[in-house]
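Contents: one structure, followed by commentary.
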Amino acid sequence: MKRIGIADTTFARVDMARAAISSIKKEASAEIVRRTVPGIKDLPVAAKKLLEEERCDIVMALGMPGAAEKDKICAHEASTGLIAAQLMTNRHIIEVFVHEDEAPDEKTLAILANRRAEEHALNAVLLLFYPEKLTKMAGTGQRQGYEDAGPIEGSSGGHLGH
Amino acid sequence: MKRIGIADTTFARVDMARAAISSIKKEASAEIVRRTVPGIKDLPVAAKKLLEEERCDIVMALGMPGAAEKDKICAHEASTGLIAAQLMTNRHIIEVFVHEDEAPDEKTLAILANRRAEEHALNAVLLLFYPEKLTKMAGTGQRQGYEDAGPIEGSSGGHLGH
Amino acid sequence: MKRIGIADTTFARVDMARAAISSIKKEASAEIVRRTVPGIKDLPVAAKKLLEEERCDIVMALGMPGAAEKDKICAHEASTGLIAAQLMTNRHIIEVFVHEDEAPDEKTLAILANRRAEEHALNAVLLLFYPEKLTKMAGTGQRQGYEDAGPIEGSSGGHLGH
Amino acid sequence: MKRIGIADTTFARVDMARAAISSIKKEASAEIVRRTVPGIKDLPVAAKKLLEEERCDIVMALGMPGAAEKDKICAHEASTGLIAAQLMTNRHIIEVFVHEDEAPDEKTLAILANRRAEEHALNAVLLLFYPEKLTKMAGTGQRQGYEDAGPIEGSSGGHLGH
Amino acid sequence: MKRIGIADTTFARVDMARAAISSIKKEASAEIVRRTVPGIKDLPVAAKKLLEEERCDIVMALGMPGAAEKDKICAHEASTGLIAAQLMTNRHIIEVFVHEDEAPDEKTLAILANRRAEEHALNAVLLLFYPEKLTKMAGTGQRQGYEDAGPIEGSSGGHLGH
């Protein structure tokens, strides 16, 4: 049975992992392993440990960076670390970050965070079980949490390489 | 037979991979392996997996970063990861990023994206099959998607080192 | 017996390690190994040596970056290195940085530094001994040194993944 | 016989490698191996392949980043990769970047590019054959392409450590 | 006998290594190995080679970045590389950078550079021979080249962890 790791934080103000896990369970049969760390800078090693020590096949890393300049730099450092962790393990880590200043108020922020977690959970499932479905969506302007941008008119959607 | 990997995204609004693959097929006889991921930050590991697990000889990584400051940082993180992936594998990954704000309107953006993908596909073919042809073009101000800048007058084009 | 490493600096103007160590000793039975370096850019390798040469199970890295732009870049470099050290060892390093410009005066800065060190010491203890307790706090807006932001109303707190 | 690798780009508008190679040949007896890639972000792996697959003892990486903000970030990514490639191989890679906005006009830019390539070619030769000569020049404000800044008066030049 | 590596540049306008070496010799009995490179971006691999090929126990990396924005980025790249080199070797590299714009005039800059080199030489000696002395100075606001900031009043100095 495939194993999906979930790494999240106590810093976030929304339990995005709950939304992600619920979404995964609707779409696929997989074992979930969850680890929670204090902040987003703790996520890279948490994700790598899930991949290597807990033998997960893919990991979702969920976090909610603050709105200050200092927080933007934290998010950049965490993202850089998440990419490095993927390169060290040859496994995908789906980063699901929602910046506190992406929404005009708390309620909208919570909705955005949960929707993004759910839609990226679907991406994790596709990467793990149905990668060819992603190729069918290539170049179609998918967004997570927001409305899709869609493909530019006249440039039709993805197709398989073979 | 040489293998060329194509990594692209569902986030992009143009199916740049289609243009790249079509261009490769005109120029060379190579097997194409395509993998599509959600966004540009997923490209580094996708490219590395194509090189290591799918035994590709070179990879093209195609993406379309958004226009916001946050998207610029994403592109920087992805580029850094693509360079790291190359250093870990001793193989080239041709990055083909088209920023959403590089063109004044959607139609021009789509044309630019397809042209850049096609011209970088040619670069991938040259790197893989005819590297000495690139040396003949050294210092000649080549651009992909835009008109070439050309060499500065009086500073003549490249020549072989031997 | 578990070993907790403490890496701190002579540059900092508050002995944050003292506060951290005192806090750890209240919460857990663990051996403490402390190493002090000149500045925050010396912390990544100090932390890695504590993990690898002193066989620590987790490390706290405490520092106080200055307020100038140059100091912000130093902090960014140190943080990037701390994340890399974690990825190379598969162990957590809890970064406890207090920026000199986070408080309006020296006295408040000292209080903030000590509180953050104490609260992150608790995080280190939780990661090491009671990781499931962190999951119960997932998404609840925890802050270290400042008052907690709390969860966004209507988005209830964390729960275990199983 | 020592081997010097030359990595350059088709993006540059001046054939800096020609100037570098000519300069090396005047100063030393070494085999030159040249590889040309599309842009500066392709240089790190090209340089690493020259060091590892072509057994070069040192590499010069020549490029001409554009003047736009996006190009500055490209240069930063390339430089970071070149440093990583050196750390992975324990060999020097001399970066010779000339930014398009370093000169007021094209003709001056070409002169600057060729001079910098020539002067850094001399640095490569010194690092490879006469490292102690560099120590004699320590702290003397050497510049490549521009006039030397010189040592600050009263702080005399370098000497050997032994 | 312990070995201390010294890596410095021809770009710097002050022979900071001379000051550092003189200071080391007053404080400790150690063999000095010095290597000079063109600029600060050449320091990371120079330092790593001193650690690995010359079997140094610690390295000082001395440089003088210019005042322009481009130079600040160079310094950032060099610092990042120095931290990576430390993580790859589990040895300390003491970075001693003096920015050209840190002092109002050349004479003051030279004095600052020499003082910082000397004071960091002492740090290198402490790290290598007397690490416990650094812990006694933890949190006391030490500065190199400038007057010490000192501890914040009421937050007393460092003490040993045991």
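Bear in mind the structure is a predicted one, so any value in this text is a computation, not a measurement. Sequence lines set the chain letters: A, B, ... in the order given, protein chains first and strands last, and positions in each chain run from 1.
Ion pairing of A/Glu102 with B/Lys70 is present here, as a side-chain N (NZ or NE/NH1/NH2) and a carboxylate O approach within less than 4.0 Å.
When all heavy atoms are compared, the tightest approach of B/Phe11 to A/Arg143 is O-NH1, 2.8 Å.
Both the backbone and the side chain of B/Asp42 come within contact range of chain A, each with at least one heavy atom under 4.5 Å from a heavy atom of that chain.
B/Arg13 contributes no side-chain N or O that, together with a main-chain N or O of A/Gly139, makes up a donor-acceptor pair within less than 3.5 Å.
Contact check for B/Val37 versus A/Leu134: no side-chain heavy atoms found under the 4.5 Å cut-off.
Residues of residues 76-92 of chain B having a heavy atom under 4.5 Å from any heavy atom of chain A, listed by number: B/His76, B/Glu77, B/Ala78, B/Gly81, B/Ala84, B/Ala85, B/Met88. Of residues 47-68 of chain A, not one residue has a non-hydrogen atom less than 4.5 Å from any non-hydrogen atom of chain B.
For the atom pair CE (A/Met137) and OG1 (B/Thr9), the distance works out to 10.5 Å, reported to the nearest 0.5 Å.
In terms of non-hydrogen atom pairs under 4.5 Å with chain B, the most contact-rich of A/His120, A/Glu95, A/Lys72, A/Lys133 is A/Glu95. Taking A/Asn123, A/Asp148, A/Leu126 one by one and counting their heavy-atom pairs under 4.5 Å with chain B, the maximum is reached by A/Asn123.
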